[in-house]
Amino acid sequence: MNSKVKKSLIATIVITAIIFAGILVTKNNATQNNNPLAELKKIYSSGDQSLWPKPNLDETIDKSTFKDIGALPKVKHPEYNPYSAEKAKLGKTLFFDPRLSVSGQIACASCHNPELAWTDNSTRSFGHDRQTGKRNSMTILNSGFAHTLFWDGRASSLEDQARFPVTDPLEMNEKLNIAVDKIANIKGYKPLFKAAFGNDSVSLQRIQYAIATFERTVNSYKSRFDKFIEGDSSKLTNEEVLGLHLFRTKARCINCHNTPYFSDNNFHNDGQTLFGTKDEDFGRYHVTNNMEDIGKFKTPTLREVSRTGPWMHHGNFPSLLDVVEYYNLGNPAPIQKKYLGVGRDSLIPTTSPILRKLNLEKTEIKALIAFLETLKSNKGRTLIPKLPTE
């Protein structure tokens with residue numbers, strides 16, 4: 001082969017390689033442009049929520065007040081109970097002190113264990129004399145963003161909430177004045193109260209304010225979801241991005257689980273009243289005595305949801321798959337015939353109209369659960385305080 005032919009052949013090979021490479025690049029670009037998940041991933045991780053697809057909101061939702069999901073801001077402490085490190089330290093100590101209970105064995109931390117996502121991962125918690133409560137213990141993580149507390153919203157603030165477990169016969173079973181006196185008689189508490197409030201006087205209000213201050217410091221670290229929407233597209237897989245998109249659209253979760261807290265702080269009937277059974281629970285109705293509130297429960301936050309099972313107010317759902325499948329079916333609430341026509345039909349609850357069959361496919365259910373998993377953060381480590389002595 002002479003040199004001219006050889007050079008010509010090499011040139012042909014090089015040109016062919018360049019053309020082939022160009023074809024591959026064009027093909028890859030076309031494939032990427034035709035990949036809706038890649039486009040969704042780009043949009044959701046852009047750091048600009050105005051670019052996100054519109055959420056699938058029910059006609060009953062007030063669009064003017066709706067706030068989409070997002071990264072959690074810093075929690076705000078109320079003006080009447082401003083934050084101080086000394087007050088939070090006192091509140092943490094009281095939170096772990098079982099001497100607030102009549103038995104000296106039950107503390108707030110008994111049902112809200114920092115090692116278990118600040119709940120106890122039990123269907124229903126054990127309290128005084130190993131009695132079981134009526135409802136599942138909600139996590140206190142991010143509770144500073146809650147407008148009301150408990151499944152029925154009977155507490156108007158964290159300060160208000162702190163007194164309920166003390167007197168509940170199924171929990172601490174103690175009289176408030178006796179609980180206060182017991183703390184006041186512990187000499188080791190005096191410097192803690194003085195540091196927090198300026199003098200060592202002990203009162204119920206100060207105990208409530210200190211515990212509430214501590215609880216507002218119990219917050220999630222940034223989750224993979226937070227980091228993803230703030231611009232790090234590597235934090236979510238394509239499946240998880242699909243789950244995020246379904247959460248806001250076809251699965252309709254966004255209608256109740258919205259705002260960065262992943263809760264609308266409202267009350268809804270999700271078909272779980274269990275009418276007529278031994279576990280019947282009318283929820284919000286027990287607080288308001290309003291017939292329209294029968295069967296309504298507070299929308300729980302979904303942050304850390306994969307760590308806070310079992311789920312629902314009664315704790316009867318052992319897995320997130322059970323929860324999603326139930327919602328996929330439209331939250332059926334059948335009532336056994338033996339409970340009908342016995343003089344209580346006027347109390348039969350009505351499931352929220354927001355809830356309907358979703359027709360999610362198995363791959364979509366899997367993706368939705370995968371997204372919910374991205375809402376958990378590193379649990380960190382909580383040092384248990386040394387309790388003051390007499």
Side-chain angles (χ1 to χ4, degrees), residues 41 44-45 68-72 111-125 135-146 151 218-230 232 234-264 270 272 297-329 331 358 360 362-382:
K41 192 170 191 178
Y44 278 118
S45 65
D68 213 330
I69 55 177
L72 269 180
C111 298
H112 303 284
N113 188 333
E115 297 296 322
L116 301 173
W118 295 92
T119 177
D120 61 1
N121 292 155
S122 298
T123 300
R124 291 160 201 166
S125 302
R135 295 174 183 154
N136 179 264
S137 291
M138 304 180 87
T139 181
I140 66 163
L141 272 164
N142 309 306
S143 57
F145 296 95
W151 284 103
V218 181
N219 297 300
S220 297
Y221 295 101
K222 280 189 180 294
S223 66
R224 286 197 292 122
F225 162 76
D226 295 319
K227 295 173 183 177
F228 174 79
I229 63 169
E230 288 178 343
D232 189 347
S234 68
K235 292 300 181 183
L236 263 61
T237 66
N238 283 349
E239 181 182 49
E240 291 163 348
V241 171
L242 173 60
L244 163 59
H245 188 60
L246 289 167
F247 184 95
R248 298 181 65 255
T249 54
K250 182 178 179 180
R252 296 171 55 83
C253 313
I254 194 70
N255 282 285
C256 298
H257 296 283
N258 47 56
T259 78
Y261 183 48
F262 278 78
S263 168
D264 62 359
D270 63 353
Q272 288 293 292
F297 293 89
K298 188 176 184 293
T299 304
T301 177
L302 292 186
R303 284 190 174 271
E304 312 290 347
V305 67
S306 62
R307 299 172 54 209
T308 57
W311 294 271
M312 301 293 196
H313 71 270
H314 44 53
N316 287 345
F317 285 67
S319 74
L320 284 177
L321 177 60
D322 292 304
V323 176
V324 175
E325 289 278 17
Y326 178 69
Y327 278 85
N328 193 38
L329 293 172
N331 300 61
L358 303 174
L360 295 173
K362 288 185 178 180
T363 54
E364 292 175 321
I365 290 174
K366 186 171 177 288
L368 184 57
I369 294 173
F371 166 65
L372 294 176
E373 291 273 357
T374 73
L375 301 179
K376 69 181 178 183
S377 62
N378 295 328
K379 67 179 183 180
R381 184 184 178 196
T382 299

Report the residues that fulfil side chain to side chain donor-acceptor pair (under 3.5 Å) with [X], sequence neighbours left out, ordered by chain and then residue number.
X	result
Thr299	Asp264
Ser319	Asp322
Asn238	none

Side chains of [X] and [Y]: does their closest heavy-atom pair fall under 4.5 Å?
X	Y	result
Met312	Phe297	no
Leu236	Ser45	no
Arg248	Asp68	yes
Asn328	Ile365	yes
Leu321	Ile369	yes
Asp226	Tyr221	no
Asn316	Arg124	yes
Ser143	Val218	no

From CA spacing to verdict: side chain to side chain contact (heavy atoms under 4.5 Å, CB included), Leu320, Val305: CA-CA 9 Å; Leu320 284 177; Val305 67; 4.0 Å; yes

First locate atom [atom1] of [X], then atom [atom2] of [Y], and finally report the distance between them rounded to the nearest 0.5 Å.
X	Y	atom1	atom2	answer
Arg303	Leu372	CZ	CG	12.0 Å
Ile229	Ser223	CD1	OG	7.5 Å
Ile69	Thr259	CD1	OG1	9.5 Å
Glu304	Trp118	CD	CH2	12.0 Å
Leu360	Leu329	CG	CG	10.0 Å
Leu375	Leu244	CG	CG	9.0 Å

Worked verdict on Gln272 versus His314 for side-chain hydrogen bond (donor to acceptor under 3.5 Å, both in side chains): CA-CA 8 Å; Gln272 288 293 292; His314 44 53; 2.4 Å; yes

Looking only at non-hydrogen atoms, find the nearest pair between [X] and [Y] and report the distance.
X	Y	answer
Glu239	Ala370	OE1-CB, 3.8 Å
Lys298	Ala146	NZ-CB, 4.0 Å
Tyr261	Asn142	CE1-O, 3.2 Å
Pro310	Pro318	CB-CA, 4.4 Å
Thr119	Thr308	CG2-CA, 4.1 Å
Tyr44	Val241	CD1-CG1, 4.4 Å

Residue pair Asp270, Tyr327: steps toward the side chain to side chain contact (heavy atoms under 4.5 Å, CB included) verdict: CA-CA 9 Å; Asp270 63 353; Tyr327 278 85; 3.6 Å; yes

Main-chain N/O of Ser234 paired with Asp232 side-chain donor or acceptor, under 3.5 Å: yes

Arg224 (side chain) donor-acceptor with Lys235 (main chain) under 3.5 angstrom: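 Present.
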
Set of ring-ring contact (aromatic ring centres under 6.0 Å, His included) partners for [X], sequence neighbours left out:
X	result
Tyr326	Phe317
Phe225	Phe262, Phe371
His112	none

Between Ser125 and Asp120, a side-chain donor and acceptor under 3.5 Å: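 Yes, Asp120 and Ser125 have a side-chain donor paired with an acceptor closer than 3.5 Å.
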
Exceeds 12 heavy-atom contacts within 6.0 angstrom, atom NZ of Lys250: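 Above 12, so yes.
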
